[in-house]
Amino acid sequence: MSTLAVATRHRLLGTQGLVGAGLLAAIVAIAVYGVFLPDSAGRARVAAPYAEPQSGLPLGSDDLGRNLLEQLIVGAGISLSLAFIVAALTTLIAAIVGGLAGIGPRGLSAPLMRGADVMLVLPELILFILAAAFLGQSFWTRVAIMAVILWPVPSRLLRSAVLTSWSRGHLEVARAMGAPLWWVLGRHASYIIGPLLVPVFVRTAMRAIIYDATLSFLGLGDPTTPSWGTTLYWVQVNGVFLSDAWLWWAVPPGAAITLTVLALALIGTSVEDRLNPALKDFS
Amino acid sequence: MTDVQETLPGSTLGRRGSWSYFAGRGLEYALVLAVALTLNFALPRALPGGPMKLFGNPEALARLTAEERAQIASEYGFGQPLWQQFLDYLQGVFTLDLGTSLADGRPVTEAIATALPWTLLLVGTSIVITALLGVSLGVLGGLRRREGKGAGLLAGAIALDSIPQFWLGMLLIVFFGVKLQVLPTFGVSDAGVVTIGGVAEHLILPVVTLTVTGIGYLFMYTRSSLLAVLTSQPVEHAHARGVPRGRLVRRHVLRPALLPVHTILMLDIGFLAAGSIVVETVFAYPGLGRLTFDAIAARDYPLMQGTFLVLTVMVVLMNALADLTYPLLDPRARTGGSR
Amino acid sequence: MKLTVRDLTVRYGDLVAVDRVSLDVGEGELVALVGESGCGKTSLARSLLGLLPRTASVTGSAMLGDLELAGRQEWTGLRGRRIGIVPQGAMTGLSPVHRIGSQLREMITIHESSADPAALIDRVGLPRDVLTSFPHQLSGGQRQRVAIALTLAGQPDLLVADEPTTGLDAITQGQVLALIRSLGISTLIVSHDLTGLLPYADQVDVMYAGRMAETGPAATIARHGGHPYTVGLLTATPSADRAAGWGSIPGAAPPMANLPHGCRFAPRCPIAEDVCHEQEPALLPVGAASGACHFYGSGRVPRYPLVPRGTTDAGEPVAWASGIRHVYRSRTRTTEALRGIDFHVGAGEIVGLVGESGSGKSTLARILLGLIRPTQGRVELSGQDLGTARGRSLRALQRRVGFVHQDPYDSLHPGMRVGEIVAEPLVVAGADKRGRLERVHAALSSAGLSEELLQRFPGQLSGGQRQRVSIALALVGNPVLLVADEATSMLDVSTRGGIATTLRSVATDRGLAVVFVTHDVGEAVQSCDRIVVLKAGRIVEHGTSADVSSSPADPYTAKLLEASHH
């Protein structure tokens with residue numbers, strides 16, 4: 001059974017996706033380690049300001065003498081948990097909205113989709129900045145803002161998936177046999193739509209990480225918690241790149257963001273490639 | 001065949017023409033603008049602590065005397081009922097009176113008018129380069145999908161797409177501005193003297209940042225669109241009819257494959273304008289994005305509202321333009337047919 | 001120009017798709033290459049144009065004049081100029097962004113031909129203004145004519161048409177074949193429809209499981225009595241003449257990876273003897289034709305099982321619909337699918353619902369299934385109102401109707417085993433757990449399946465087996481009405497009659513009312529007691545199968561019957 005599961009996973013992800021999954025697993029492990037660090041990690045002054053890398057302080061310290069490596073590790077936990085919570089929440093919203101818009105009553109589906117269309121035209125980054133500037137920067141506020149702004153794209157995608165699955169033969173047969181809606185959805189539609197949730201989740205997590213880092217970089221993050229974006233905000237404010245400190249201060253958090261997004265992108269694209277029937281027979 | 005509706009042309013009682021389609025889209029855009037205006041109006045007023053908090057930081061606010069507060073409140077109409085405030089706000093928007101900046105007392109309209117051309121220059125240059133590179137590499141990646149070159153291009157595109165703009169901007173500044181000292185990293189001119197050559201030099205790094213981070217998505221989009229067309233029946237049939245490969249790609253693959261890319265490009269222009277906030281901040285570029293960022297930093301709310309409005313309008317305009325030009329490229333959208 | 005194929009073999013790795021096949025297309029001749037899915041006919045045709053995937057290898061010889069086509073690497077100047085193809089699925093195969101005129105001129109330019117676009121359009125019988133149209137503005141039949149014109153533009157010596165009539169309605173099919181016939185170019189038509197091609201072909205080649213089964217002049221082939229497989233194919237195509245009978249060949253074609261010993265047709269052949277299972281027969285010439293059968297020309301006549309006729313009279317009406325109208329509304333258009341339908345079906349009777357695509361037959365079927373609520377009119381099932389029932393009461397009514405879906409490759413959950421699939425209606429209805437297995441077994445045996453399949457997944461079954469699983473699934477809940485929506489249309493010709501036989505036996509044995517939806521009037525004539533002909537949402541003809549086939553009242557029905565009269 002386990003060899004079968006491994007084989008299936010390999011088929012679903014491919015080499016490229018496995019590289020992404022491995023990378024992501026490593027980052028998650030670091031983030032989990034960060035959770036067990038004391039609360040003061042990356043927040044308290046432990047060294048002289050602008051300290052260069054030295055033993056016990058591998059990445060030096062920032063302008064307030066805080067441990068930059070600890071900031072990086074703690075930031076991983078915050079970035080990832082935010083991204084995963086947002087992605088889970090958004091995927092849930094998208095599944096509900098997409099389902100209702102696909103097979104719900106017309107009075108509900110039309111306004112939902114018009115709403116999504118309107119949201120899609122509004123520039124996301126501006127909405128994020130507006131919301132962050134006015135509504136505050138606490139973790140859960142950020143999660144709520146992200147979910148509210150990121151739902152339209154996956155909702156449209158899942159709506160069309162629901163519509164496609166609804167016209168599939170075995171769903172029509174199930175409906176005709178008098179199966180209740182929950183049965184048709186749980187037993188039949190889930191088989192078709194389930195795999196699509198993986199790229200939806202992954203893509204949303206990617207966008208959440210990038211947007212959260214961007215907002216923090218613009219100074220709209222939570223200044224009391226270490227995060228990759230906030231560290232880079234202080235890099236910008238202090239003009240760190242004029243000195244050699246950019247190497248241990250600016251490069252690690254940016255590379256961390258890039259690698260995390262890349263890991264997710266590798267997983268996402270390889271799953272999408274395998275789900276796309278037009279490309280499947282063509283390699 | 002599974003969709004009953006598709007298999008049943010039956011008799012067509014009525015079909016809405018393209019005009020009513022455009023009317024529908026127009027209505028949608030009007031709705032978008034209305035939402036944007038309402039958000040702009042409502043968010044500051046929903047602030048905890050009331051709209052007075054709009055004006056400056058808390059310390060400055062605390063120093064105000066009761067009379068001064070009353071004066072501001074009456075000047076901005078905060079004493080009036082909400083609907084009256086909304087109407088006044090709308091009137092301001094439609095007469096291009098967006099209030100005055102709190103930071104330097106300039107009319108918001110004037111500040112925007114000064115910054116807008118710089119943003120258009122930056123975004124315009126970037127989109128042209130991004131489009132040329134992204135689309136042609138995407139076509140190449142699609143055609144060479146089986147070879148190492150195609151796979152390498154794809155991996156590169158995914159990697160580029162993962163880099164945060166602001167970080168790339170910083171690295172470019174470090175390398176080209178600080179280490180090599182070959183390119184300016186700040187503003188658009190040296191010592192306030194604006195010359196064409198100087199501006200071009202200052203544009204290089206911001207444009208590279210926008211291009212490098214924007215190219216990955218366009219590459220992947222073009223590539224998958226191309227692959228879908230390559231496996232489509234019309235192309236297979238043209239191949240079977242003896243159309244040589246070069247001509248097949250030029251005539252039968254590129255045009256249908258680039259149809260959806262056109263729409264994406266149009267939307268990209270709008271989103272790049274919004275996204276320029278980040279790049280303009282990193283490079284201290286005096287455009288709309290930088291203006292927005294400064295407004296946020298200084299909590300200069302009238303200016304913030306003004307720039308947000310202009311950016312949203314730009315995005316909506318690009319959407320509308322994409323909608324309007326699409327039928328020129330796709331005959332199926334231009335001429336109705338039996339199906 | 002003459003095409004001479006000798007011992008042509010196409011391999012995909014270890015699999016041999018075309019096994020030492022020889023055929024000839026004479027100057028100006030029209031040759032039909034006929035067989036069911038997987039018999040190798042398409043691989044053969046595509047090998048003549050170098051259109052096989054890279055994994056394929058071609059050996060043997062195929063000479064067009066003095067030009068060798070087999071195993072060729074360089075096809076420049078051949079495709080389109082020496083050999084023109086009318087590819088399968090021309091309905092969706094034309095460039096969507098170029099006008100027809102421009103597509104024709106492109107062909108003329110690249111093949112340096114002297115043809116004239118307007119003359120080409122005249123030649124395929126289309127009006128000149130088609131030149132300025134885009135494909136999406138034309139009907140399916142018109143697009144197929146354009147595809148032929150595109151092929152003619154290169155003035156090829158040989159025409160290869162791959163299933164040129166698939167997807168077209170019966171009347172248009174005849175018109176397209178007549179057009180190809182009238183061109184006077186050497187033509188190889190690849191098709192699954194033997195009887196449809198007989199009136200138009202000079203020569204017929206029948207393939208089975210990668211081998212040539214029989215080859216001969218169309219007139220000889222048409223006179224029943226050649227190769228048992230050919231006889232089977234002819235009897236398996238339902239004729240609109242009720243006297244002819246509709247048969248089916250038992251079993252299914254063998255997979256290429258697991259071919260039987262000896263004659264490949266022997267396991268399905270009614271006249272097979274021991275020698276057939278041991279020795280592979282060579283092509284035996286008898287008269288103008290030759291066949292690969294040990295008993296070719298021996299006069300032995302294979303007897304295939306025929307679809308039985310109904311013997312009992314219809315019982316009480318089970319489903320009743322009156323004054324049904326249905327309108328589809330979408331954002332862009334409103335379509336009236338049904339415009340006043342009165343319809344009923346009684347216990348033990350099979351009613352054929354006949355019409356072309358767009359006639360509204362599928363909509364009516366879905367109204368009977370409770371999947372669509374009619375815009376107007378009343379539907380009753382066993383005296384209860386189906387049209388107004390909702391929620392729990394609607395689902396209770398739906399459990400009394402069985403549904404056999406058109407597409408056996410999509411209608412079974414791919415992740416469930418046959419046993420689970422067939423039991424699903426019982427689970428959904430909350431039926432007693434103890435009786436379930438017995439009812440599943442009974443349903444499977446009614447559908448003509450053995451219990452060995454219970455643990456299989458649908459992906460491990462043939463199309464015919466899948467459709468029988470669908471029937472078992474429809475029967476397991478002991479319904480009073482069975483709706484079979486184009487239940488045979490996606491199956492191989494040789495197995496269609498078997499499905500109709502099963503439907504008849506469940507109607508007779510279980511006293512079930514059956515609605516058989518089909519676009520093939522021949523199938524309805526052969527297997528139904530009564531026939532209802534729909535056109536554009538209206539009933540244009542209604543009567544017993546015997547009456548409708550012998551003396552149709554409506555000219556449209558007469559045209560349909562004529563198109564499927566063999």
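Note on naming: letters A, B, ... go to the chains in the order of the sequence lines (proteins, then strands), and numbering restarts at 1 for each one.
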inquiry  = I'd like to know whether A/Glu172 forms a side chain to side chain contact (heavy atoms under 4.5 Å, CB included) with C/Arg366, so could you lay out the CA-CA distance, the side-chain angles of the two residues, the decisive distance to 0.1 Å, and finally the verdict.
reply    = CA-CA 10 Å; A/Glu172 208 175 21; C/Arg366 277 160 181 75; 2.6 Å; yes

query = When you look at A/His170 and C/His405, which way does the side chain to side chain contact (heavy atoms under 4.5 Å, CB included) test go after all the steps?
reply = CA-CA 8 Å; A/His170 61 97; C/His405 192 269; over 6 Å; no

request  = Any chance you could lay out the side chain to side chain contact (heavy atoms under 4.5 Å, CB included) test for C/His413 and A/Tyr191, step after step, and finish with the verdict?
outcome  = CA-CA 9 Å; C/His413 192 307; A/Tyr191 189 82; 3.2 Å; yes

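The stretch residues 179-186 of chain A places A/Ala179, A/Pro180, A/Trp183 near chain C, each with some heavy atom under 4.5 Å from a heavy atom of that chain. Residue-level contacts of residues 420-430 of chain C with chain A, in order of numbering, are C/Glu420, C/Glu424, C/Pro425, C/Val427, C/Val428; threshold 4.5 Å between heavy atoms.
For a residue to count as touching a neighbouring chain, one of its non-hydrogen atoms must lie under 4.5 Å from one of that chain's; by this rule C/Leu371 touches chain A with the side chain only. Proximity to chain A (any heavy atom under 4.5 Å) is shown, for C/Pro408, by neither the backbone nor the side chain.
Using a 4.5 Å heavy-atom threshold, the side chains of A/Met177 and C/Arg395 count as separate.
Atoms CZ and CD, on A/Arg175 and C/Gln398 in that order, are 9.5 Å from each other to the nearest 0.5 Å.
Residue C/Arg400 places its CZ atom among 12 or fewer non-hydrogen atoms of other residues, nucleotides or ligands, all under 6.0 Å distant. Within 6.0 Å of atom OH in A/Tyr33, 12 or fewer heavy atoms from other residues, nucleotides or ligands are found, so the atom counts as exposed in its surroundings.
Listed by chain and number, the residues in a side chain to side chain contact (heavy atoms under 4.5 Å, CB included) with A/Val162 are A/Ile103, A/Ile193 (sequence neighbours excluded). Scored by the salt bridge (Lys or Arg N to Asp or Glu O under 4.0 Å) test, A/Arg156 finds A/Asp117 as partners (sequence neighbours excluded).
Across C/Leu369 and A/Ala176, no two heavy atoms sit closer than the pair CD2-CB, 4.2 Å.
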